[in-house]
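Note that the numbering runs from 1 along the sequence shown for the chain. Bear in mind that the values here come from a model prediction, so they are computed numbers and not experimental data.
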Amino acid sequence: MKKKLGHDVPPLFHMDDIAVMSDDEVWSHVRTMDAGRRSNRDPQPFEVELAYLQRELGIRRDQREAHTAWLRARLAEDPPAAFDDEEQFEVA
């Protein structure tokens, strides 16, 4: 759940909320925090929130890379069967 604390303070996100956001939502908040960081006299609160969002994006990137590597290894071990047998697709 996000909380708005004041005019010069960014919304605060709980890590559980960030984890269930879509990639588009996370990137949108990254852009907002980056803009807030550059436009406020005290950028520190924005930098903290930005760090949490960037950490989440890094976790997601690492998960995608690990999953892709796992899929490649799995396909190398056991490639999918070819669909040469047309009989299995006949409609009765």
Side-chain angles (χ1 to χ4, degrees):
M1 173 176 312
K2 68 180 179 178
K3 300 176 192 172
K4 184 84 171 166
L5 298 178
H7 180 67
D8 290 339
V9 179
L12 302 176
F13 299 101
H14 190 274
M15 289 174 60
D16 292 339
D17 294 330
I18 295 171
V20 296
M21 287 180 187
S22 70
D23 286 349
D24 290 339
E25 286 177 294
V26 176
W27 277 110
S28 174
H29 291 302
V30 164
R31 287 187 294 275
T32 301
M33 294 298 113
D34 192 43
R37 177 180 60 88
R38 286 186 270 123
S39 66
N40 280 284
R41 287 181 293 181
D42 182 17
Q44 193 267 341
F46 292 91
E47 290 170 347
V48 170
E49 292 301 311
L50 184 59
Y52 285 119
L53 294 165
Q54 289 173 333
R55 177 180 178 270
E56 179 65 27
L57 290 171
I59 289 169
R60 292 179 188 199
R61 182 196 60 236
D62 293 345
Q63 287 175 336
R64 275 192 301 275
E65 290 172 0
H67 183 67
T68 300
W70 178 83
L71 283 175
R72 284 187 180 134
R74 181 96 167 130
L75 289 174
E77 292 172 8
D78 187 23
F83 293 109
D84 293 335
D85 187 4
E86 293 182 13
E87 291 178 12
Q88 60 182 307
F89 295 107
E90 287 182 13
V91 178

### Summary
Interatomic distance, CD1@I59 vs CZ@R61, rounded to 0.5 Å, equals 10.0 Å
### Query
Of all residues at least two apart in sequence or in a different chain, which pass the side-chain hydrogen bond (donor to acceptor under 3.5 Å, both in side chains) check with R60?
D23, E56
### Query
In Å and rounded to the nearest 0.5 Å, what is the CG to CD distance from L53 to E25?
11.0 Å
### Task
Look up atom CG in N40 and atom CZ in F46, then write down how far apart they are to the nearest 0.5 Å.
4.0 Å
### All side-chain hydrogen bond (donor to acceptor under 3.5 Å, both in side chains) counterparts of R38, not counting sequence neighbours
D34
### Task
Hey, could you give me the CG/CH2 distance between L75 and W70, rounded to the nearest 0.5 Å?
8.5 Å
### Query
Would you say V26 and M15 are hydrophobically clustered, going by side-chain heavy atoms of ILVMFWY under 4.5 Å?
yes
### Task
Look only at the side chain of S28 and the backbone of D24, and say whether a donor-acceptor pair between them is shorter than 3.5 Å.
no
### Summary
Distance col, row D78:CG vs R74:CZ, nearest 0.5 angstrom, shows 6.0 Å
### Message
Restricting to side-chain hydrogen bond (donor to acceptor under 3.5 Å, both in side chains), what partner residues turn up for E49, sequence neighbours left out?
### Response
none
